[in-house]
Amino acid sequence: MIRDDLAILVEQALAAAQAAGDLPEFAAPDVQLEHPQRPEHGDYSANLPLRIQGLARMKAIEVAEALRKHVPAHAAVAEVRVAPPGFLNFYLDGEWLASQAATIAAEGTAFGSTEAGRGKKLQLEYVSANPTGPCHVGNGRGAAIGSSLALVFKAHGYDVEQEYYVNDAGTQVAIFGRTLYARYQQLFGRDVTVPENGYPGQYVIDLAEDLKAEFGDAYLRPEGEEPDPALGELGIQRMVERIRTDLGLIGVHYDRWFSERSLQVEGGPYDRAFGRLRDGGYVVEREGAVWFATSQLGESKDNVLIRSDGQPTYFATDIAYHYNKFIERGFDRVIDIWGADHQGHVSRVKASVQAVGGDPEKLDVLLYQLVTLKRGGEIVPLSKRAGDIVTLREVVEEVGADATRYFFLATSAGSTVDFDLELAKTQSDENPVYYVQYAHARIAGVIARATEQGLSSAGANASLLTHEAELTLIRRLLELPETEEKVLADLAPHHLPHYAQGLASAFHVFYTQCRVITDDAELTKARLLLLEAARAVLARALGLMGVSAPEQM
RNA sequence: GCCCCCGUAGCUCAGUGGACAGAGCAACGGACUUCUAAUCCGCAGGUCGGAGGUUCGAAUCCUCCCGGGGGCGCCA
């Protein structure tokens, strides 16, 4: 990308200046280029002189001047200027910019793709909400972040597997089974109550009704007896199906649904991982429970693996799960995306990866802050245990899949967000996602009209693109590769909506100032070429967000 | 009590070592006989929670304090 090309020019200038004796010899830090906030400071700016003034024992402004003299000529660069207190500012050449419209149009939606991840097996695990209830709004945030990251990684050559970890074992599943059986019995007139710590939500009643309609009293046992485990399993299966369907509504699809229970088969990952922990001397028994001596690995405290009732903890199966990911499936990199309420879990999972022979450096845990759901300013609880849950499906039906995904993507994972249902509904017409989509629809409209009139960009002369609005738009197009790089480096897909917003804005300005289809046949061709480039980049940005790029609105 | 995240315009949020802090929404004033006005232009809006410190340079890094959220050995 152009930014990297310019960085190389700066490195070359430094080497040349040192060779010529204009600067002393020293090892310089990596060259970083940025976009100045003010246009008069150029398109790209290097602060290298300020950072090496100490090494050079010269004033920054003099370092900058020494560098400027040695910057090699480059087709993209019209001018390099020195600005106080010591910046080296690059101004892109208008003719080169115009030529980029042709380059981008030719690449189409492949513009921005790289092979950076070629041959790397990457796993992204996200949402993985308990199958004891449908996805709620908060799960939607994890879904949008994970899904979008997966799309970007794929676009850069990574072999990506998206996985949902199904917690189909353990205490909560058992409680869910008992809740379901209680609701089921109620449908047959029995006076039973939902167990303490059960799931009071309406969806369990709905599920019980479905099962009764389908299987009648097949799961009913004599009063007072324990429920048929098969009922609970069936219930979990149905909830998983529901989750799969609901996530599909916002375009989230997984390569694999990984069963927690499958880890626990005789001689399976759970046993093997446990063996590794024992071999490492990390397993101790105390207070009737079995502990993982995480404190030996720098953790502040030990953690229970097997409870005193003999059941493994969530942590224990999670160790087996990560053992399976790293050691048995051999991923080169694993990214877990969790809600911030799992924050305390991060360091001990990393410690466990190390303990079972994996490399904790290859594990990234991306935490997103929780979503506060509001209805008309009032907080609505999100927990499945609270009963009154607002499902992801309800939200999608109210505000639409595109707006939902865009909303969840638009803020950085580190910020808490308020999702006000009333606001989401009333402001749906003003949602930024429509601003971006409208830009795409406008482009599609003009191109369609041009096609009707037998016009195309064939044989276009890009150098006719000289209007300031045209060049500004092209500058924006060129920022897509940088944006994607930043998304991957920071694991921060929120850069995408931010970028798309700016790109759409540059397009709308262009559209207002520059008429595409005119009597000037040559200029029309050139502008159609620019439209094709803009359309491809916009469609790509929207696609990476998992948001549709409509032909018309 | 300890740990993590956050605090930026009226609201929702970008910006996390560079130049005079940005966008959207809301408010106000303009622009459609012309490829979609879900648009554009203009105007306005800020002690970057507070106080010290480091640095040529701090919204950004360090320390302390205030406020909000999350977490802290047998829930997941």
Side-chain angles (χ1 to χ4, degrees), chain A residues 32 34 36-38 40-41 45 47 50-51 53-54 59-60 83-87 89 128-130 132 167 170-173 175 197 260 286-292 294-295 299-309 311-318 338-348 367-370 372 385 407 410-418 420 423 427 429-439 441-450 452-453 490 494-495 497-498 501-502 504-505 507-518 524 527 531 552-553:
Chain A
Q32 308 279 349
E34 59 176 15
Q37 292 188 358
R38 308 179 67 81
E40 58 266 35
H41 292 145
S45 176
N47 64 3
L50 289 155
R51 294 198 292 137
Q53 57 182 324
K59 285 183 178 174
F87 291 101
N89 293 334
S128 300
N130 265 352
T132 52
N167 298 117
T171 316
Q172 294 309 320
V173 168
I175 293 172
N197 298 325
E260 176 184 359
R286 189 199 316 152
E287 300 166 31
V290 178
W291 300 68
F292 177 14
T294 22
S295 56
E299 290 296 289
S300 57
K301 49 191 76 166
D302 294 346
N303 292 278
V304 171
L305 293 173
I306 299 176
R307 301 196 292 250
S308 42
D309 65 2
Q311 292 299 309
T313 60
Y314 165 81
F315 180 45
T317 50
D318 221 19
W338 299 340
D341 53 336
H342 288 65
Q343 169 259 122
H345 194 54
V346 176
S347 64
R348 60 174 181 253
L367 296 176
Y368 59 91
Q369 296 299 313
L370 302 181
T372 309
R385 310 294 290 281
F407 175 83
T411 52
S412 69
S415 306
T416 51
V417 290
D418 288 351
D420 193 311
L423 221 58
Q427 292 195 344
D429 284 354
E430 293 149 2
N431 190 305
V433 71
Y434 299 113
Y435 181 83
V436 178
Q437 289 182 313
Y438 183 51
R442 271 184 149 177
I443 294 173
V446 177
I447 290 178
R449 175 170 293 242
E452 278 170 25
Q453 297 177 15
D490 302 347
H494 77 272
H495 295 307
H498 192 244
Q501 160 77 34
S505 173
F507 167 74
H508 286 307
V509 170
F510 159 78
Y511 184 88
T512 303
Q513 296 188 7
C514 301
R515 193 180 168 79
V516 176
I517 301 171
T518 64
T524 299
R527 286 183 169 167
L531 280 192
Q552 54 186 21
M553 288 174 72

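Just so it is clear, the structure is predicted and the values come from calculations on it, not from any experiment. Lettering of chains follows the sequences in order, A, B, ..., and the numbering in each one begins at 1. These numbers come from the heavy atoms of this one structure, side chains and all, not from hydrogens, waters or symmetry mates.
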Asks: Quick check: closest heavy atoms across L531(A) and V446(A), and the distance to 0.1 Å?
Replies: CD1-CG1, 3.5 Å
Asks: Mind checking if H495(A) touches a base, just sugar-phosphate, or nothing, with heavy atoms under 4.0 Å?
Replies: sugar-phosphate
Asks: Verify, without hydrogens or angle tests, whether T512(A) (side chain) and H508(A) (backbone) share a donor-acceptor contact under 3.5 angstrom.
Replies: yes
Asks: Would you classify R51(A) as touching base, sugar-phosphate or nothing, given that sugar-phosphate means primed atoms plus P, OP1 and OP2, and contacts are heavy atoms under 4.0 Å?
Replies: base
Asks: Taking a pair as Watson-Crick or G-U wobble with both distances under 3.5 Å, which nucleotide is matched to rA38(B)?
Replies: none
Asks: Applying a 3.5 Å limit to both distances, which nucleotide forms a Watson-Crick or G-U wobble pair with rC56(B)?
Replies: rG18(B)
Asks: Within the structure shown, what part of the strands sits under 4.0 Å from N303(A) by heavy-atom distance: base, sugar-phosphate, or nothing?
Replies: nothing
Asks: Could you tell me whether E287(A) contacts a base, only the sugar-phosphate backbone, or nothing, with contacts defined as non-hydrogen atoms closer than 4.0 Å?
Replies: base
Asks: Taking N and O atoms by type only, does the side chain of S505(A) place a donor or acceptor under 3.5 Å from a partner on the base of rA23(B)?
Replies: no
Asks: Would you measure the distance from the C1' atom in rG22(B) across to the matching atom in rC64(B) and give it in whole Å?
Replies: 30 Å
Asks: Tell me the partner of rC43(B), counting only Watson-Crick (N1-N3 plus N6-O4 or O6-N4) or G-U wobble (N1-O2 and O6-N3) with both under 3.5 Å; none if nothing fits.
Replies: none
Asks: What is the base-pairing partner of rC2(B), counting Watson-Crick and G-U wobble geometry with both distances under 3.5 Å?
Replies: rG71(B)
Asks: For rG7(B), what is the paired nucleotide under Watson-Crick or G-U wobble rules, both distances under 3.5 Å?
Replies: rC66(B)
Asks: Taking rA37(B) as the reference, what is the distance to rC32(B) when you measure between their P atoms (whole Å, please)?
Replies: 12 Å
Asks: Would you mind calling rC41(B) syn or anti? Take O4'-C1'-N9-C4 for purines or O4'-C1'-N1-C2 for pyrimidines, and syn is within 90° of 0.
Replies: anti
Asks: For A289(A), answer base if it contacts any base atom (sugar-phosphate contacts may also be present), sugar-phosphate if it contacts only those atoms, and nothing otherwise; contact means non-hydrogen atoms under 4.0 Å.
Replies: base
Asks: Examine distances only and state if a side-chain atom of Q53(A) and a backbone atom of L50(A) form a donor-acceptor pair shorter than 3.5 Å.
Replies: yes
Asks: Mind checking S45(A) for me? I need base, sugar-phosphate or nothing, with any heavy atom below 4.0 Å counting as a touch.
Replies: base
Asks: So what does R515(A) hit on the nucleic acid, given a heavy-atom distance under 4.0 Å: a base, only sugar-phosphate, or nothing?
Replies: base
Asks: Expressed in whole Å, how much space separates the P atoms belonging to rU16(B) and rG29(B)?
Replies: 37 Å
Asks: Check every atom of rA76(B), rG69(B), rA19(B) against the side chain of T416(A) and return the nucleotide holding the closest atom.
Replies: rG69(B)
Asks: If only side-chain N and O atoms of H494(A) are considered, is one of them under 4.0 Å from the OP1 or OP2 phosphate oxygen of rG15(B)?
Replies: yes
Asks: Just checking F315(A): base, sugar-phosphate only, or nothing, at a heavy-atom cut-off of under 4.0 Å?
Replies: nothing
Asks: Looking at T524(A) and T518(A), would you say the former's side chain and the latter's main chain have a donor-acceptor pair under 3.5 Å?
Replies: yes
Asks: Under 4.0 Å, heavy atoms only, any strand: does D490(A) hit a base, just the sugar-phosphate, or nothing?
Replies: nothing
Asks: Counting the atoms with a prime plus P, OP1 and OP2 as sugar-phosphate, which does S308(A) contact under 4.0 Å by heavy atoms, base, sugar-phosphate, or nothing?
Replies: base
Asks: Taking atom P in both rA9(B) and rU47(B), what distance in whole Å separates the two?
Replies: 9 Å
Asks: May I ask whether F87(A) stacks on the base of rG18(B), given the cut-offs of 5.5 Å between ring centres and 30° between planes?
Replies: no
Asks: Students often get this wrong, so: under 4.0 angstrom with heavy atoms, is Q513(A) touching a base, only sugar-phosphate, or nothing?
Replies: nothing
Asks: Using a 4.0 Å heavy-atom cut-off, does Q37(A) contact any base of the nucleic acid, only the sugar-phosphate backbone, or nothing at all?
Replies: sugar-phosphate
Asks: Name the nucleic acid region contacted by V290(A), choosing base, sugar-phosphate or nothing; use a 4.0 angstrom heavy-atom cut-off, strictly under.
Replies: nothing
Asks: Answer with base, sugar-phosphate or nothing: what part of the nucleic acid does D418(A) contact at a heavy-atom distance below 4.0 Å?
Replies: sugar-phosphate
Asks: So F292(A) and D302(A), do their side chains get closer than 4.5 Å, heavy atoms only?
Replies: no
Asks: Could you check whether any side-chain N or O of S45(A) sits under 3.5 Å from a backbone N or O of E34(A), counting only pairs where one atom can act as donor and the other as acceptor?
Replies: no
Asks: Ignoring backbone atoms, establish whether Y435(A) has a side-chain N or O less than 4.0 Å from OP1 or OP2 of rC40(B).
Replies: yes
Asks: What integer number of Å spans the C1' atoms of rG49(B) and rG67(B)?
Replies: 7 Å
Asks: Would you say rG68(B) has OP1 or OP2 under 4.0 Å from some side-chain N or O of T372(A)?
Replies: no
Asks: Could you tell me whether a side-chain N or O of S308(A) sits under 3.5 Å from a main-chain N or O of G288(A), the two making a donor and an acceptor?
Replies: no
